Amino acid sequence: MHICGLLEVILQGSGSASPAPPCTKVEVAVLLLGSGPPAPTASSTSPDVLACLLVAPPCSGHYADRHSKPSCHSSPFHVEHRNIVENDPSERVSAEASVLSSRVHYYSRLTAASDRLLSPPDHVIPCPEELYVYSPLGMAFKVTGGDGGAKNPSIVTIFAIWNTMMGTSILSIPWGIKQAGFTLGIILLISMGLLTLYCCLRVLKSPKSIPYIDTSDWEFPDVCKYYFGKFGQWSSLVFSMVSLIGAMVVYWVLMSNFLFNTGKFIYNYAHNVSMSDTEFGTNGSERVICPFPDTGDHKGNCSSGISDTAVFDRWWSKTNTIPFYLIILLLPLLNFRSASFFARFTFLGTISVVYLIILVTLKAIRLGFHLEFHWLESTQFYVPEFRLLFPQLTGVLTLAFFIHNCIITLMKSNKHQENNVRDLSVAYLLVGLTYLYVGVLIFAAFPSPPLSKDCIEPNFLDNFPSSDVLVFVARTCLLFQMTTVYPLLGYLVRVQMMSQVFGKHYPSFFHVFTLNIFIVGTGVCMAKYYPNIGSIIRYSGATCGLALVFVFPSLVHMISQKRRGELSWPSAIFHSLLIVLGVANVAGQFFM
């Protein structure tokens with residue numbers, strides 16, 4: 001018999017309260033939430049009885065299973081039905097209700113609240129569906145809007161993960177495949193998806209591997225703190241900041257790009273300016289370009305407006321002016337105390353990704369496929385199938401599949417917790433298929449000849465001219481979506497950093513403004529001097545992935561197995577190999 005069940009038998013026969021006859025009604029007992037001993041009589045108004053929970057008959061089965069199907073049979077204590085009312089009742093806490101209050105109170109005295117070893121047994125804890133708030137004045141109200149009402153079905157959870165992972169990395173997947181080679185790129189995309197999925201499962205299961213402690217509200221940094229102390233807590237915070245700030249830098253570069261091309265499209269359309277002669281690319285209606293190194297400052301070729309175009313180009317430059325214009329718009333938004341307003345526009349991310357998929361499909365249909373397989377040697381128009389630059393793709397994919405710092409929170413809202421592994425695997429499958437679809441179609445449809453596959457840009461939208469209407473719509477939607485998401489990312493950085501350093505989310509305007517100046521300044525510098533989102537993504541992805549994808553999940557799992565006496569040599573070798581791969585992934589970004 002479980003020790004909690006044994007204690008319950010002892011308490012029932014201890015004489016602390018006389019048993020009451022069974023009852024078949026739905027209302028039965030009271031769970032004391034106060035700190036003092038409960039009132040022994042029905043007429044007591046002791047101030048120690050602060051609040052109680054009036055519940056239905058205790059349910060059999062484990063507590064985690066009661067959300068789906070409670071199984072109530074009989075009630076050991078009786079409370080009058082008229083105590084559960086919506087108006088103002090006159091009854092007090094009954095003696096029978098105080099009995100269960102006493103018993104649960106005894107359990108709370110036996111051990112600490114976080115220790116699950118001596119927690120009240122399942123037949124004492126009430127059904128969550130029948131919880132009532134019961135005051136010592138006799139008022140009882142049914143508890144609503146709890147966790148049970150916030151649970152999502154599996155399909156919602158799967159697409160929430162898909163929507164969270166779908167970010168700016170999708171724009172760089174074709175470039176990454178080009179850097180690795182077409183065949184090797186597909187192999188690496190599938191392999192990295194499987195590896196990051198496994199590590200994500202290790203993160204998801206890590207809180208449950210800690211015995212005797214209530215880890216229901218823990219996140220992965222708390223797990224790292226448990227195993228590695230302050231070093232684990234702060235290092236996980238630092239690497240999480242790398243991923244968030246890296247994403248904000250990429251957003252700044254992309255917003256500068258999209259704002260530049262959007263303004264260029266409007267100006268050229270209004271002034272009837274054609275840039276076809278100044279951009280090297282294909283001819284025809286479906287034009288594809290190979291941008292010059294200086295993509296932001298092409299000179300206009302329209303003879304009727306050379307002077308006006310030169311002035312516009314000087315004040316509307318992708319690298320010299322646009323990054324600074326964004327400060328006027330975005331810096332004030334970062335200083336808002338709450339980001340709830342911007343959270344309303346998160347659905348735009350889904351719309352943008354769906355539109356990108358449609359855009360890629362249409363372009364591939366109109367351009368056709370242009371593929372030749374050269375396994376090791378380069379040609380004028382094609383790249384080898386296997387290239388030594390493949391670590392650049394693995395760095396991009398590490399960030400593309402990165403969701404490890406928030407997966408525990410996302411999966412808590414899943415209605416069927418027993419399906420977490422399945423739902424997470426399906427979500428990763430959808431993400432991998434989306435990346436594979438976009439990457440393969442753009443690479444295969446890129447017109448070679450006359451253009452070389454090496455012309456594929458880190459942002460594949462740059463391979464289409466600013467006059468392309470479909471691409472203009474994509475850039476405009478992405479610009480608006482990123483403008484609303486950027487303050488959300490800044491809010492996450494502020495909350496995580498300020499709460500750890502100062503213990504407050506908003507210590508003062510000066511602290512928040514200083515942090516925002518640093519973040520914005522980093523984005524402006526990168527947009528001006530190094531606007532290569534592919535390299536920014538791969539560096540930040542490999543760096544944050546080293547700790548949060550490969551090292552910490554593997555170490556936590558091995559230490560947990562070691563403490564349980566279950567660590568085997570194959571497991572130790574496999575997880576050590578994951579750590580080595582994480583280190584090699586970072587090193588490859590600098591030496592390949």
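Being a predicted model, the structure only gives us computed values, none of them experimental. Computed from heavy atoms alone, side chains included, the values below leave out hydrogens, waters and symmetry copies.
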For [Y], does its backbone N or O pair with a side-chain atom of [X] as donor and acceptor, under 3.5 Å?
{"X": "S240", "Y": "S236", "value": "no"}
{"X": "T157", "Y": "P153", "value": "yes"}
{"X": "S540", "Y": "I537", "value": "yes"}
{"X": "S191", "Y": "L188", "value": "no"}
{"X": "Q417", "Y": "M411", "value": "yes"}

Run the ring-centre check on [X] versus [Y] and record whether the distance is less than 6.0 Å.
{"X": "F220", "Y": "H404", "answer": "no"}
{"X": "H575", "Y": "Y198", "answer": "yes"}
{"X": "Y435", "Y": "F401", "answer": "yes"}

Atom [atom1] of [X] and atom [atom2] of [Y]: how far apart are they, to the nearest 0.5 Å?
{"X": "Y226", "Y": "I210", "atom1": "OH", "atom2": "CD1", "value": "5.5 Å"}
{"X": "R202", "Y": "L204", "atom1": "CZ", "atom2": "CG", "value": "9.5 Å"}
{"X": "N152", "Y": "D423", "atom1": "CG", "atom2": "CG", "value": "11.0 Å"}
{"X": "I408", "Y": "K208", "atom1": "CD1", "atom2": "NZ", "value": "9.5 Å"}
{"X": "M165", "Y": "L410", "atom1": "CE", "atom2": "CG", "value": "9.5 Å"}
{"X": "I213", "Y": "W218", "atom1": "CD1", "atom2": "CH2", "value": "5.0 Å"}

Is any side-chain heavy atom of [X] less than 4.5 Å from a side-chain heavy atom of [Y]?
{"X": "Y506", "Y": "M498", "answer": "no"}
{"X": "V495", "Y": "H505", "answer": "yes"}
{"X": "L433", "Y": "Y428", "answer": "no"}
{"X": "L195", "Y": "L581", "answer": "yes"}
{"X": "Q392", "Y": "V396", "answer": "no"}
{"X": "S571", "Y": "Q561", "answer": "yes"}
{"X": "M482", "Y": "V485", "answer": "no"}
{"X": "L189", "Y": "L397", "answer": "yes"}

*Going through the distances and angles, do W175 and I533 end up as a side-chain contact (heavy atoms from CB on, under 4.5 Å)?*
CA-CA 10 Å; W175 172 81; I533 66 166; over 6 Å; no
_Whether over 12 other heavy atoms sit under 6.0 Å from F574 CZ_ = yes
*asked:* Does F502, at its CZ atom, have more than 12 non-hydrogen atoms belonging to other residues, nucleotides or ligands within less than 6.0 Å?
replied: yes
Which pair of non-hydrogen atoms, one from [X] and one from [Y], has the smallest distance, and what is that distance?
{"X": "L334", "Y": "N516", "result": "O-ND2, 3.3 Å"}
{"X": "I536", "Y": "G246", "result": "CG2-O, 4.2 Å"}
{"X": "Y227", "Y": "S560", "result": "OH-CB, 3.6 Å"}
{"X": "C200", "Y": "I407", "result": "SG-CG1, 3.6 Å"}
{"X": "S169", "Y": "L399", "result": "OG-C, 4.1 Å"}
{"X": "L389", "Y": "Q179", "result": "CB-O, 3.3 Å"}

*Steps toward side-chain contact (heavy atoms from CB on, under 4.5 Å) verdict (S425, V421)*: CA-CA 6 Å; S425 302; V421 174; 4.3 Å; yes
*Quick one: do L356 and L171 satisfy side-chain contact (heavy atoms from CB on, under 4.5 Å)? Show the steps, please.*
CA-CA 9 Å; L356 277 179; L171 299 175; 4.0 Å; yes
_Show me the pairs that pass salt bridge (Lys or Arg N to Asp or Glu O under 4.0 Å) and involve residues 552-580, at least two apart or across chains._
R564-E566
*In terms of side-chain geometry, is the basic nitrogen of E219 or K225 positioned less than 4.0 Å from the acidic oxygen of its partner?*
no
_Residue list, side-chain contact (heavy atoms from CB on, under 4.5 Å) with V238, at least two apart or on another chain_ = none
*Would M497 and L244 count as a side-chain contact (heavy atoms from CB on, under 4.5 Å) if you check the C-alpha gap in whole Å, the side-chain angles of each, and the deciding distance to 0.1 Å?*
CA-CA 11 Å; M497 184 173 295; L244 289 174; over 6 Å; no
*Derivation of the side-chain hydrogen bond (donor to acceptor under 3.5 Å, both in side chains) call for R494 and S499*: CA-CA 8 Å; R494 181 213 311 168; S499 60; over 6 Å; no
Which pairs would a plain distance check flag for residues 583-592, meaning a side-chain donor or acceptor within less than 3.5 Å of a matching protein atom at least two apart in sequence or in another chain?
from : atom 1 : to   : atom 2 : distance (Å)
N585 : OD1    : T394 : OG1    : 2.8
N585 : OD1    : Q589 : NE2    : 3.2
N585 : ND2    : T398 : OG1    : 3.0
Q589 : OE1    : R538 : NH1    : 3.1
Q589 : NE2    : P391 : O      : 2.7
Q589 : NE2    : N585 : O      : 2.9

*Hey, what's the ring geometry for W162 with F159, parallel, tilted or perpendicular (30° and 60° as the breaks)?*
perpendicular
